[in-house]
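Taking it in order: structure first as structure tokens, then the write-up.
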Amino acid sequence: MMYKVVFMEKLIIIGGVAAGATAAAKARRLSSDAQITILEAGADISFANCGLPYYIGGDIKSRSKLILESPDSFKEKYNTMVYLHTEAREIDRLNQVVHTVDLQTGEKKQHEYTKLILAQGGKPIAPPIPGAEKDHVFQLWTLDDMDKIDSFIADNEPKTAVVVGGGFIGLEMTEALSKRGMKVSVVEMMPHVMGIMEAEIAGIIQEELISYGVDIYTSKAVTEIETNRVVLNDNTKIDADMVLLSIGVRPTLKLAQNSGLNMGEAGGLLVDSTLKTSDDNIYAAGDMVELEHRVLGKKVRIPLAGPANRQGRIAAENALGKRHEYKGSIGTSIVRVFESVAGITGISLKAARKEGIDADAIVIHKENHTSYYPGSEMVSVLLVYDKETGRVLGGQTAGYDGADRRLDVLATAVAAGLKVSDLADIDFAYSPPLGNANDAINMAAYVAENRMSGFSPTLTISELDVNLMDKEVLWIDVRDVFSFKKTHVEGAINIPLEILPSELESLPRNKMILVYDNTGKKGHQALRTLIGDGFENVLNVSGGFMSLSNYSRSIKPDNFILDLIDPERKQLGEVATAETVENLKEEVKLEETTEPLVIDVRTKYEYEYGAYPGAINIPLDELGEKIFELKKTDRHIILYCASGAKSAYALRFLMDNGITNAENGGGIARMMATYRNE
């Protein structure tokens, strides 16, 4: 009688959170008869570690929502054995056995495998700071860590907190602790928070933190943690009833190293494109491995949840005999801090140039949807590209609504190897409440094309800050006079765009000229006006005043000075309400004089920001209500708005209603120029 020998795969997965749990679930879907075992050193498997700060902050109300699976549910759903509190101490690669110890009972066991997946992740770096062992000092990595922090806050009602580290988890916890009623301070060794981002993007996050009362200490380190305060390396002392350490993650590699598996040059476990280690029977996934960066083409470590989950799936496929190559990662990541959002994908301009890539970058700021539809917010887009080929190398976005959507577009472009010209031609979803006919991504591509072709020479703020050293330049601020009066680059002259053509003869032609407006759009027009008149050494400041402000909010510029206005203070739980425009209901009071009557038809908000001296405000939408009063005056009427467009409509409306002694004064800049010259 012949007997058929049935081979049963014995798959052991060491680590049961993101990559490990995903690998186990995928393995069961691939094989109904494989023996699958998870060995987890901690107390939980498959929990939502990315959600921990949001439970502490109260956004997630139920702790149970963070528990995605349990040993029992894994057994029931995936027929997978799960051993918690079980530390793998040794891998006998020759005999294919894992030696473990139960951390609660001390019991030792041996587990045989035919294939093994390492998914041990990483652990928070514990800095050697005196006082770090105190009871009011925490790190956040597990559910147990979360519970300890939550209980400490509930039991001790701390009033002040210091977060050491201004990265993703640190800033998420800054928001969480603020929501729990604490005065929070952030200490970051880098020049600004979110050090992986450009200063002009990180500045948006930094301003949001300041708006909510968070104190920020950058380029500083904590040297000691005392009972109720921390001491910095410049001897600054900050009140701290509790301290959160969040300075980075180190891969868990001891088991792999002791097993003789090859390590990589980036400091992680070396794997090939199938996620196989130097042992044919051992695969690895998640934070502990190093992988190929899809832009740089070199091995890097990218400890993110998204790549870890995808690697877990692929490792399971290949361990069970499939052939699925992992293409690598581009490091797309995003953070929300209070209401603001910032993210990055691919590589930064600095990283590109460090690797010898001839790269450039541009920055634009554009409304997330049409400006005329209520609620529009600016989205900032920084686009990094190869100067020669136009290939998109990376990008960063920041703002409020819509920043995440644009980041995903850039991530797709980077992964697909798209060029700037491709982004310029993509049709994005458009409806007034949801987007623009020319999306922010389209606009970023247009600006990049203009820089690449030389049609609009421009530099980002970080490039300017380096290139201005020892150079004599003339800054021209083409914003309106009221914006200029509030704050401007020191030494800049104010020539609003509308009157720039009439001022060209007064400008020097032997100096480098830097033009800026609010976002870069009018700056481009000003640059083309200057170049068209024969000026040769002209640059548009990429991103305009918004980028100058964001950059200066992050770090102190070396080669220009900008006095920043304190950001508007915000309060947690504050509900925005429509502004009551009381003065629109008031009767228009017209003085008995022969002087012209100047009417500003902009909105009340625009009018209050700054207006022509002596002008009265009748918004265009309310002009019909004032026709009767205006007909009673014999005074000559001059209408104006922001650009001259709305005042042209206002003039037509007055004339259609029998008022003929009126004229369109144009935009506010032209009106103010007239006033200045009188």
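Every heavy atom of this structure was used, including side-chain atoms; hydrogens, water molecules and symmetry mates were not. FYI, the numbering just counts along the sequence from 1.
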Please give me the minimum heavy-atom distance between [X] and [Y], naming the atom from each residue.
X      : Y      : answer
Asn559 : Met469 : OD1-CA, 3.7 Å
Ile461 : Ser542 : CD1-O, 3.9 Å
Asn540 : Gly520 : ND2-O, 3.2 Å
Arg569 : Ile210 : NH1-O, 2.6 Å
Leu527 : Leu539 : CD1-C, 3.7 Å
Val187 : Lys220 : CG1-O, 3.7 Å

Check [Y] with [X], please: is the shortest side-chain N to carboxylate O separation under 4.0 Å?
X      : Y      : value
Glu536 : Arg509 : no
Lys350 : Glu198 : no
Arg670 : Glu498 : no

Under the 6.0 Å and 45° cation-pi test, does [X] pair with [Y]?
X      : Y      : result
Arg479 : Tyr516 : no
Lys604 : Tyr609 : no
Arg451 : Tyr446 : no

Taking atom [atom1] of [X] and atom [atom2] of [Y], what is their separation to the nearest 0.5 Å?
X      : Y      : atom1 : atom2 : answer
Thr218 : Lys556 : OG1   : NZ    : 12.0 Å
Asn494 : Asp480 : CG    : CG    : 7.5 Å
Ile638 : Leu597 : CD1   : CG    : 9.0 Å
Glu207 : Ile565 : CD    : CD1   : 10.0 Å

key: Heavy-atom donor-acceptor pair, Arg406 side chain to Asn368 backbone, under 3.5 Å   =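 Answer holds: yes.
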query = How are the rings of His488 and Phe484 set to each other: parallel, tilted or perpendicular (split at 30° and 60°)?
reply = parallel
task = Please name all residues satisfying side-chain hydrogen bond (donor to acceptor under 3.5 Å, both in side chains) with Thr529, sequence neighbours left out, ordered by chain then number.
result =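 Scan of Thr529 (side-chain hydrogen bond (donor to acceptor under 3.5 Å, both in side chains), adjacent residues dropped) gives none.
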message = So for atom OH, which belongs to Tyr400, do other residues, nucleotides or ligands contribute more than 12 heavy atoms lying within a distance under 6.0 Å?
response =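 Correct, the count exceeds 12.
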task = Kindly indicate whether the side chain of Leu383, heavy atoms from C-beta on, has any atom under 4.5 Å from the side chain of Leu423.
result = yes
query = Can you find a pair of side-chain heavy atoms, one from Leu562 and one from Glu490, that are under 4.5 Å apart?
reply = no
request  = Determine the sole option in Asp360, Asp358, Asp386 for which the salt bridge (charged side-chain N to carboxylate O under 4.0 Å, His left out) test with Arg353 is passed.
outcome  =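 When salt bridge (charged side-chain N to carboxylate O under 4.0 Å, His left out) is applied between Arg353 and each of Asp360, Asp358, Asp386, only Asp360 qualifies.
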Distance flag, aromatic centroids of His524 and Phe455, threshold under 6.0 Å = yes
